[in-house]
Amino acid sequence: MDKKALRKKGIAILQELATDKQKKQNKEAIILRLLFSSKIWREASCVGVIRATGIELDTQPIFQRAFMEGKKVVVPKAPQDRLLTFHPVDEKTQYLLSDFGVEEPLVQQQVEKSEIDLLIVPGLIFSSQGYRIGFGGGYYDRFLTTFQGQTVGLAFSEQLRDDWQPAEFDIPVKKIITDFRNEVFYE
C-alpha cells in the first residue's frame with residue numbers, strides 16, 4: 001500500500017476512534033500512564049509536543065503533567081520553509097490555528113534543538129521498526145535528521161501496521177508507546 005493511501009487510512013482510523021469517546025479515553029489513559037512512568041519521561045527536562053487535533057491522542061494531559069513536574073514544554077510551528085521551529089509555552093500561552101488546522105503558539109522566542117530532551121513525534125501510521133507516516137509535509141523527518149534527543153511516538157494499536165516500506169529519508173522514532181503492546185523499543 002502506498003503512503004498516500006495509508007495516510008487516508010490513518011486519518012479514517014483516527015476519525016472512527018474519535019467517535020467512541022470512552023474507548024479513545026481508555027486507550028489514551030494506558031498510553032499516558034506508560035509514558036509518564038518511562039525513563040525517558042523522568043529524565044527529560046524539556047519536552048517537545050504538538051497541540052493535538054480532535055482526532056489525535058489528546059496531548060493536553062502531557063502539557064499539564066509536564067508543567068506540574070516543572071518541565072519546560074516546547075510546541076512546534078511549521079513555517080513556509082518547512083523547517084520546524086519550537087517555542088517555549090506555559091499555561092497562559094495563547095495559540096493561533098495554523099493553515100494545517102493545528103494550534104501554534106503566539107510566541108516568537110525559539111528553543112534550540114539541543115535543548116529538547118524528549119520529542120513526542122506525531123504520526124498517522126507507525127511500523128514495528130519505529131517508522132511513521134505523518135500528515136505529509138515532511139516537517140518532522142527534516143527536523144529529525146540532526147536531532148540528538150529521545151524520540152517517541154504515542155500510537156493507538158489501530159495505528160500500527162507493517163504493510164508498507166519507509167522511504168530512504170524517513171527517520172524512525174526510538175520508541176513507540178501504545179495501548180496494545182505497552183512499549184516497543186528500537187536502538
Side-chain angles (χ1 to χ4, degrees), residues 10 13-14 17-18 21-78 84-98 100-107 109-113 115-126 130 132 134-135 139-140 143-144 147-160 172-186:
I13 287 167
L14 290 178
L17 187 56
K21 292 191 186 318
Q22 190 59 54
K23 180 179 180 181
K24 183 175 183 265
Q25 288 173 351
N26 290 343
K27 288 173 166 284
E28 288 171 338
I30 293 167
I31 293 167
L32 293 173
R33 179 176 43 81
L34 291 167
L35 172 66
F36 297 146
S37 65
S38 71
K39 182 179 179 183
I40 59 171
W41 176 265
R42 289 191 309 271
E43 291 180 350
S45 59
C46 181
V47 178
V49 62
I50 62 162
R51 302 273 296 180
T53 63
I55 64 171
E56 296 173 294
L57 182 134
D58 183 7
T59 57
Q60 194 55 38
I62 298 170
F63 284 82
Q64 293 168 345
R65 180 74 172 251
F67 294 144
M68 184 182 75
E69 293 181 8
K71 296 181 187 297
K72 184 177 196 174
V73 178
V74 295
V75 174
K77 287 185 184 182
L84 283 181
T85 57
F86 282 82
H87 305 265
V89 298
D90 60 28
E91 295 95 332
K92 296 177 183 165
T93 299
Q94 294 184 355
Y95 297 85
L96 180 66
L97 201 60
S98 75
F100 299 108
V102 295
E103 291 183 339
E104 294 182 343
L106 292 173
V107 176
Q109 179 187 353
Q110 292 185 32
V111 170
E112 295 294 324
K113 275 185 191 183
E115 293 181 52
I116 305 170
D117 302 308
L118 173 59
L119 183 60
I120 298 171
V121 182
L124 293 168
I125 300 290
F126 289 87
R132 52 177 275 288
F135 286 88
Y139 289 92
Y140 276 88
F143 186 83
L144 293 174
F147 181 69
Q148 298 297 310
Q150 294 294 323
T151 55
V152 65
L154 305 180
F156 299 116
S157 56
E158 292 87 345
Q159 294 176 272
L160 302 174
V173 293
K174 294 178 182 170
K175 182 176 190 174
I176 292 176
I177 299 177
T178 177
D179 59 288
F180 177 63
R181 297 183 192 166
N182 292 339
E183 294 186 75
V184 181
F185 292 88
Y186 317 100

Mind checking salt bridge (Lys or Arg N to Asp or Glu O under 4.0 Å) for Glu158 and listing every partner two or more places apart, or none if nothing turns up?
Lys23, Lys27

Quick one: list whatever passes salt bridge (Lys or Arg N to Asp or Glu O under 4.0 Å) with Lys39, sequence neighbours left out.
Glu43

With rounding to the nearest 0.5 Å, note down the distance linking [atom1] in [X] to [atom2] in [Y].
| X | Y | atom1 | atom2 | answer |
| --- | --- | --- | --- | --- |
| Ile31 | Leu57 | CD1 | CG | 5.0 Å |
| Leu35 | Glu28 | CG | CD | 12.5 Å |
| Arg132 | Gln159 | CZ | CD | 11.0 Å |
| Glu104 | Leu106 | CD | CG | 9.0 Å |
| Thr151 | Tyr140 | OG1 | OH | 11.5 Å |

Could you tell me which residues satisfy side-chain contact (heavy atoms from CB on, under 4.5 Å) with Asn26, sequence neighbours excluded, listed by chain and number?
Gln22

So, the side chain of Lys175 versus the backbone of Gln150: is there a donor-acceptor pair under 3.5 Å, distance only?
no

Pairs in or reaching into residues 43-67: which pass ring pair (Phe, Tyr, Trp, His ring centres under 6.0 Å), with residues at least two apart or in two chains?
none

Identify, with sequence neighbours excluded, every residue that meets ring pair (Phe, Tyr, Trp, His ring centres under 6.0 Å) alongside Tyr139.
Phe100

N/O donor to acceptor pairs below 3.5 angstrom from side-chain atoms of residues 115-126, sequence neighbours left out:
from   : atom 1 : to     : atom 2 : distance (Å)
Glu115 : OE1    : Lys72  : NZ     : 3.2
Glu115 : OE2    : Glu112 : N      : 3.4
Asp117 : OD2    : Ser45  : N      : 2.7
Asp117 : OD2    : Ser45  : OG     : 2.7
Asp117 : OD2    : Cys46  : N      : 2.9

